[in-house]
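Just so it is clear, the values below take in all heavy atoms, side chains as well, and ignore hydrogens, waters and symmetry mates.
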Amino acid sequence: MFSIDLYMWFIFGLIFISVILFSIDRIPIEITSLAIISILIIIFQNSPILGAVSGAPVSLELILRGFANPSLIALMCLMIIGHGLLITGALEDIAVWISGDKSQNTQIKFLSVMFLVFILSALLNNTPIIVMFIPIILSLCKQLDQPSKYILIPLSYVCILGGMTTLIGSSTNLLVSGSVYSSIGKEIGFFDFTKQGMILALVGFIYATFLLPIILKAFNKKDNENKDDFQNDGKQYIVEILIEGGNPLIGKKFISGLLPEMENCSISLITRNNQKLLPPYDDLEIEFNDKITLSTTKGNLTGVLKRNDPIFDSISTLTETTKPEIIIEAAITPGSFLIGRSLNQTNFESEVNCEVVGIQQGVSTEIEALDSLKLNPGNIILLKGSEKSIRSLRGIKDIFPIEWSTIYLPSKLFALRARLIFVATIFLASSGLFNITAAAVMGAALMLIFRVLNVKDAVMSLDPRIYLLVASTIMLSIALQETGGAKFIADSIYNLTSDLSIIAVLSILFIFVAIITNFISNNATAVLFTPIAISLALDLKMEPEPFIYCIIFAANCSFATPMGYQTNLMVMGPGNYKFKDFLISGIPLVIILWLTYTLMITYMGF
């Protein structure tokens, strides 16, 4: 029979190996996670040991609680809510308002958003804040043509930093407060640790907003930036827009052959009074009733249609009452009736009840209006229509609909529903009426009930990498605590610091807790180390507050791993991050905050 110590050291080894595998990124995260889960299931299938925390046998039922963890369920539901906001464009208007004039300083705009997030995270629980701002940041990045990958980790860090300044800012703070009250009957006030917390948070804020984007750019030079799921498709489509009354392009002039308002498009033809105007365009002014033929990506086109860009009003039919429309790619099949013909020579659009909004012609050099282009086998056309019309395309032999390319263009009505559900979720979570899990489950359910999302969209929004990563790390956390590993670490700290100065004790305690919080739940870290901190204070004949605040600050230093805190996990999918991105970004910040804390208590007292 194996002793509990053997199990403990085995778990330490498994954690060490898993961190290495996650960080080198040679093996996909989901494969490593599945391997960890499988090993834990095998090891504990007939475990003879009693848990150090639960006192019950460490069974599979106990270990597999990671799959039903409330934080994991909340995270999955929040992904569904976020996807609903994204595909409906529900927060595009906010992003457009924030982005303003593209000629203005982009850095100032992002700095303003980050500062707002920082303040809100101090006054409200930081988890709902990150839920609210991820889609806004994604939309803002799209508006300003900036990579979201360089912004989302800093956004997560700013949320965590803001949350460490007040009692309500983070669930970790509240758990420490509850543990202190249970241990010594003392209550922590709302702003009791704000002065010290603000010093640490401001230092971290400077790093996260000014230095970290530069670091991420330096380490991701070779990556093709995924600015947006919709904009990652580089295939160029020929599109045509009609300049109708009220179009903001009327009266605008080309500058050096380019139209600043359409920097993501290449204009190849302007048709005016049945005359063709070909490039180059110098000082040409756009007039009412011009037809502009341009090339752009599917991602850019769907983006402008989603946010109801008035420049593209001639091909946008989204209103307050219309049902959601769909855009889909379809290939011209060999032997198709369309081959060798242009759209104006057929009744194709009326027959299929869909509008052709773009044509991809490969390397063709033909410069014609959209409806005059000759179609060839293999050409891809971009169709827009109702769900019923798009579904009926399957029976048409002249084209082959590419099902996986489907993108929804929901109506403003569905965007309004998404906004209301989102606001209700945030309000219930931040007010304390519902905990974050209950609010998230309710919000995800309402997204489906009110048809903002269908079941297929909801399932597609779930990232299996994140699900397996969180489940496996929670299982490791449970195993570490139940085999006595967490208590072993705590006892080691106690023994190491017994003969040191107060400043050295606090500094060592801070860095130990800051490391541990990145590998087991920050909430578990807070609960585990708070009694130890109080005991240390009593043994040293000190007031407990400096030790309690040390635990609060250190337990919030969950920057170095994606599983360190929920906000990190929430940005991992949208930012397309790897495990090593968090190591590269978070380790310097943990060290900076540790050094800042040590200097602060040395020169300002504790």
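Here F12 pairs with W9 under the ring-ring contact (aromatic ring centres under 6.0 Å, His included) rule; sequence neighbours left out. Applying the ring-ring contact (aromatic ring centres under 6.0 Å, His included) test to F205 and every residue at least two apart in sequence or in another chain returns F118. Residues passing the side chain to side chain contact (heavy atoms under 4.5 Å, CB included) test with P544 are I184, A537, I548, sequence neighbours excluded. In this view, E545 and K186 satisfy the salt bridge (charged side-chain N to carboxylate O under 4.0 Å, His left out) rule, not counting sequence neighbours. Every residue meeting the side chain to side chain contact (heavy atoms under 4.5 Å, CB included) condition with L538, not counting sequence neighbours, appears here in chain and number order: I534. Listed by chain and number, the residues in a side chain to side chain contact (heavy atoms under 4.5 Å, CB included) with A560 are N518, I587 (sequence neighbours excluded). Judged as a side chain to side chain contact (heavy atoms under 4.5 Å, CB included), and not counting sequence neighbours, the contacts of A479 are I11, L40, F44, I63. Every residue two or more places apart in sequence or in another chain that forms a ring-ring contact (aromatic ring centres under 6.0 Å, His included) with Y577 is listed here: F582.
Looking only at distances, no side-chain donor or acceptor of T517 sits under 3.5 Å from a matching main-chain atom of V513. Put simply, the side chain of S177 never gets that close to the backbone of N173: no donor and acceptor are under 3.5 Å apart. S18 places a side-chain N or O within donor-acceptor distance of the main-chain N or O of I15, the cut-off being under 3.5 Å. In terms of modelled atom types and a separation under 3.5 Å, the side chain of N495 and the main chain of S492 share no donor-acceptor contact. Under a 3.5 Å cut-off, the side chain of T166 and the backbone N or O of A122 do form a donor-acceptor pair.
Tested against V176 for a side-chain contact (heavy atoms from CB on, under 4.5 Å), the candidates L167, I551, N556 yield a single pass: I551.
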For residues 195-203, run the donor-acceptor check on the side chains, cut-off 3.5 Å, and write out each pair with its distance to 0.1 Å, sequence neighbours left out.
none

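A cation-pi arrangement, defined by a distance under 6.0 Å to the six-membered ring centre and an angle within 45 degrees of its axis, is present between R417 and F414.
Here the side chains of V117 and C159 are in contact, with some heavy-atom distance below 4.5 Å.
Legend: salt bridge (charged side-chain N to carboxylate O under 4.0 Å, His left out) pairs involving residues 420-429, not counting sequence neighbours: none detected. Pairs engaging residues 156-172 under the salt bridge (charged side-chain N to carboxylate O under 4.0 Å, His left out) rule: none recorded [sequence neighbours left out]. Legend: side-chain hydrogen bond (donor to acceptor under 3.5 Å, both in side chains) pairs involving residues 154-165, not counting sequence neighbours, sorted by first then second residue: S156-T567, S156-N568.
Taking the six-membered ring for Trp and thresholds of 30 and 60 degrees, Y597 and F510 have nearly parallel ring planes, at less than 30 degrees apart.
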